[in-house]
*Asks:* 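Starting off with a structure, shown below.
Here is the naming used below: chain letters follow the sequence lines, and residue numbers restart at 1 for every chain. Values in this document were obtained by computation on a predicted structure and should not be read as measured data.
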Amino acid sequence: MIFVTVGTQLPFDRLVRAVDGWCSGGEYEEVFGQLARPGPNGYVPTHFAWQAFLDPEEFRERFSQATIVIAHAGMGSIISALSIGKPIVIMPRMASLGEHRNDHQAGTARRFATRAGIFVAHDEGAFGTAADAALKAVAVSGDGSRPEPDPRLIRCISDFIFSDTLRAHRRGSAQGSGGV
Amino acid sequence: MGLRTLTGRTRCRKNFQPKAIRVLAVASGGGHWVQLMQLRAAWSGADIAYLSTHPGYRAECVGSRGASNRFYAVADANFSAKFQLVRQALAVATVLLRERPSVVVTTGASVGYFALVFGKLMRARTVWVDSVANTEELSLSGQRVAKFADLWLTQWPEVAEGSLSGARSPRYQGSVL
């Protein structure tokens, strides 16, 4: 199964149309999409099954069982794909087309374009090539490296939570016991 | 440990066992939540509660590894829908009043903004980790939260460096992946 997701907020017609055209033409395996709610004039795919939203459990299951994932350039999709070594095709939403509130996804797509297992289609014209490349990558099989959070980041937050709070607590209890 | 009295006996103060620090970890659904989960190790050992916008995430954090007994879901919102925003703000305030955390940690977006601001007003210490999706400038919520965040982080060095001179800049300490 090829799993398509446009994230949890907004529909993404341009991607859905690209996938629909792409999978109508070839002998591709089954495609299933989580497409949010298409607007009143929204595009409804005719070549694959879909649902607006999935509960997290089903989402995770579809995501992990898919041969490849096709998604908007959202961090949830990207991190989830990287963390299980799943090839992913990403296409950025554009604010000028009303697909998002700003163009940060274009920056995300550029930044992650060089990561193994990520295939960027900057627009619908580039989609077919990127998707075919991702399918080919499945045969090669990824290195399965999980993206670990930077230990520095964890330590920084952890130190902030514990050291500083403990110090404050100690100060507080020192003052509190002053009258005993 | 206890207090030494004049007679030399050690009197144990009630509840002296140092209490775990109450942390409220907050993120809206999707990518923000995935990033929050990546940071879990940072509050291991704390008395943790979670707040998000999707009830389905409960299973992920209640009764499992890094478990918490407390998970709250409020309705989703974004900064372009005023009514939803107000409703979300009220719901978040309710959770804050119930939890009274010592520390609020969030990866965004609007739900994290509210939790952090209300948390600060209630004298909690606050951590903002801007989403790794924001590669060129800080998110809107991330910019708005500047005055209220004690620890204010971006996940891209360029964003930390690119801030206006003179103004306070978010710090870069690595990213979730």
Side-chain angles (χ1 to χ4, degrees), chain A residues 5-10 53-60 71-83 92 100-112 115 145-162 164-166 168-170 173 176-177 180, chain B residues 3-5 11 13 16 18-19 21-23 28-35 37-46 53-60 76 78-80 102-103 105 107 125-127 129 131-137 139-140 150-151 153 155-156 171-177:
Chain A
T5 171
V6 302
T8 53
Q9 285 200 320
L10 303 161
F53 299 104
L54 301 171
D55 61 58
E57 206 165 306
E58 187 178 353
F59 184 94
R60 234 190 324 272
H72 70 154
M75 284 320 308
S77 308
I78 293 171
I79 297 173
S80 303
L82 288 173
S83 64
H100 213 314
R101 290 179 289 281
N102 59 40
D103 280 329
H104 74 265
Q105 286 203 351
T108 303
R110 273 195 302 276
R111 290 288 183 151
F112 287 92
R115 286 249 187 173
S145 66
R146 291 167 44 99
E148 292 294 334
D150 191 324
R152 247 191 322 163
L153 181 60
I154 299 293
R155 199 175 334 113
C156 173
I157 298 172
S158 183
D159 284 355
F160 178 85
I161 293 175
F162 294 102
D164 293 8
T165 311
L166 277 178
H169 272 219
R170 266 185 227 123
S173 57
S177 59
V180 177
Chain B
L3 292 178
R4 201 153 276 274
T5 65
R11 189 182 61 180
R13 201 195 291 174
F16 194 77
K19 272 198 202 150
I21 290 152
R22 281 175 89 90
V23 177
S28 57
H32 298 278
W33 179 258
V34 173
Q35 292 176 65
M37 292 296 99
Q38 289 275 98
L39 295 174
R40 273 178 171 194
W43 45 83
S44 144
T53 55
H54 199 314
Y57 293 144
R58 178 183 297 275
E60 227 173 305
D76 201 7
N78 63 62
F79 279 105
S80 40
S102 301
V103 181
V105 184
T107 52
R125 295 159 62 261
T126 55
V127 185
V129 184
S131 167
V132 70
N134 305 112
T135 58
E136 271 141 40
E137 57 173 6
S139 67
L140 197 56
D150 295 311
L151 182 58
L153 300 172
Q155 300 191 50
W156 294 99
R171 280 166 63 195
Y172 169 73
Q173 292 285 323
S175 84
V176 297
L177 73 166

*Asks:* Can you tell me which portion of B/T126 sits under 4.5 Å from chain A's heavy atoms? Options are side chain, backbone, both or neither.
*Replies:*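 Only the backbone of B/T126 comes within 4.5 Å of chain A.
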
*Asks:* Can you tell which part of A/R152 gets under 4.5 Å to a heavy atom of chain B, answering side chain, backbone, both or neither?
*Replies:*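 Interface part for A/R152: both.
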
*Asks:* With a 4.5 angstrom heavy-atom cut-off, could you sort out which part of B/H54 is near chain A: side chain, backbone, both or neither?
*Replies:*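 The side chain, not the backbone.
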
*Asks:* I'd like to verify something: which residue of A/S80, A/G76, A/G7 has the highest number of heavy-atom pairs under 4.5 Å with chain B?
*Replies:*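 Highest number of pairs under 4.5 Å: A/G76.
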
*Asks:* Does any backbone or side-chain atom of A/F59 lie under 4.5 Å from a heavy atom of chain B? Answer side chain, backbone, both or neither.
*Replies:*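 A/F59 has no heavy atom closer than 4.5 Å to chain B.
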
*Asks:* Working to the nearest 0.5 angstrom, can you tell me the gap between B/Q38 CD and A/I154 CD1?
*Replies:*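 Output value for this atom pair is 8.0 Å.
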
*Asks:* Please report the interatomic distance CG(B/L151) to CD1(A/I161), rounded to the nearest 0.5 Å.
*Replies:*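 These two atoms lie 9.0 Å from each other.
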
*Asks:* Is any side-chain heavy atom of A/T8 less than 4.5 Å from a side-chain heavy atom of B/W33?
*Replies:*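 No, too far: nothing below the 4.5 Å cut-off.
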
*Asks:* Are A/R115 and B/L177 packed together at the side-chain level, in the sense that at least one heavy-atom pair is separated by less than 4.5 angstrom?
*Replies:*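 Counting from C-beta outward, A/R115 and B/L177 do come under 4.5 Å.
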
*Asks:* Taking every non-hydrogen pair under 4.5 Å, which of B/A46, B/S131, B/A133, B/G56 racks up the most with chain A?
*Replies:*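 Most pairs with chain A among the choices: B/A133.
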
*Asks:* What distance separates B/S175 OG from A/R111 CZ, expressed to the nearest 0.5 Å?
*Replies:*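 B/S175 OG to A/R111 CZ: 11.0 Å, rounded to 0.5 Å.
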
*Asks:* State whether the number of non-hydrogen atoms from other residues, nucleotides or ligands found under 6.0 Å of A/E58 atom CD is greater than 12.
*Replies:*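 Above 12, so yes.
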
*Asks:* Could you walk me through whether B/E60 and A/R60 pass the side-chain contact (heavy atoms from CB on, under 4.5 Å) check?
*Replies:* CA-CA 11 Å; B/E60 227 173 305; A/R60 234 190 324 272; 3.5 Å; yes

*Asks:* Testing the basics here: between A/F162 and B/S44, what is the closest heavy-atom pair and its distance to 0.1 Å?
*Replies:*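 A/F162 and B/S44 have their closest heavy atoms at CZ-O, 3.4 Å.
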
*Asks:* When heavy-atom pairs shorter than 4.5 Å are enumerated against chain A, which of B/A42, B/G45, B/G31, B/P55 gives the highest number?
*Replies:*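 When all of B/A42, B/G45, B/G31, B/P55 are compared, B/A42 has the most.
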
*Asks:* To the nearest 0.5 Å, how far apart are CD1 in A/I79 and CE in B/M37?
*Replies:*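 Separation between the atoms: 11.5 Å.
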
*Asks:* Do you know which of A/G107, A/G74, A/S77 has the most heavy-atom pairs under 4.5 Å to chain B?
*Replies:*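 Max contact count across the listed options: A/G107.
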
*Asks:* If I take atom CG from residue B/L140 and atom NE2 from residue A/H104, how far apart are they, to the nearest 0.5 angstrom?
*Replies:*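 Here the rounded value is 12.0 Å.
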
*Asks:* When only pairs under 4.5 Å are counted, which of B/V34, B/T135, B/D76 shares the most heavy-atom pairs with chain A?
*Replies:*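 Most heavy-atom pairs within the cutoff with chain A belong to B/T135.
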
*Asks:* Between B/E136 and A/R110, is any pair of side-chain heavy atoms under 4.5 Å apart?
*Replies:*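 When only atoms from C-beta onward are counted, A/R110 and B/E136 do touch, with a gap below 4.5 Å.
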
*Asks:* Quick one, B/V105 with A/F160, criterion side-chain contact (heavy atoms from CB on, under 4.5 Å). Give me CA distance, side-chain angles, the key distance, then yes/no.
*Replies:* CA-CA 10 Å; B/V105 184; A/F160 178 85; over 6 Å; no

*Asks:* Tell me, side chain or backbone of A/Q9 under 4.5 Å from chain B's heavy atoms, or both, or neither?
*Replies:*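 The side chain, not the backbone.
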
*Asks:* Checking heavy atoms, do the side chain of B/V23, its backbone, both or neither come under 4.5 Å from chain A?
*Replies:*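 Side chain of B/V23 only, per the 4.5 Å heavy-atom cut-off to chain A.
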
*Asks:* Chain A heavy atoms under 4.5 Å from B/T53: which part of the residue, side chain, backbone, both or neither?
*Replies:*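 Neither part.
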
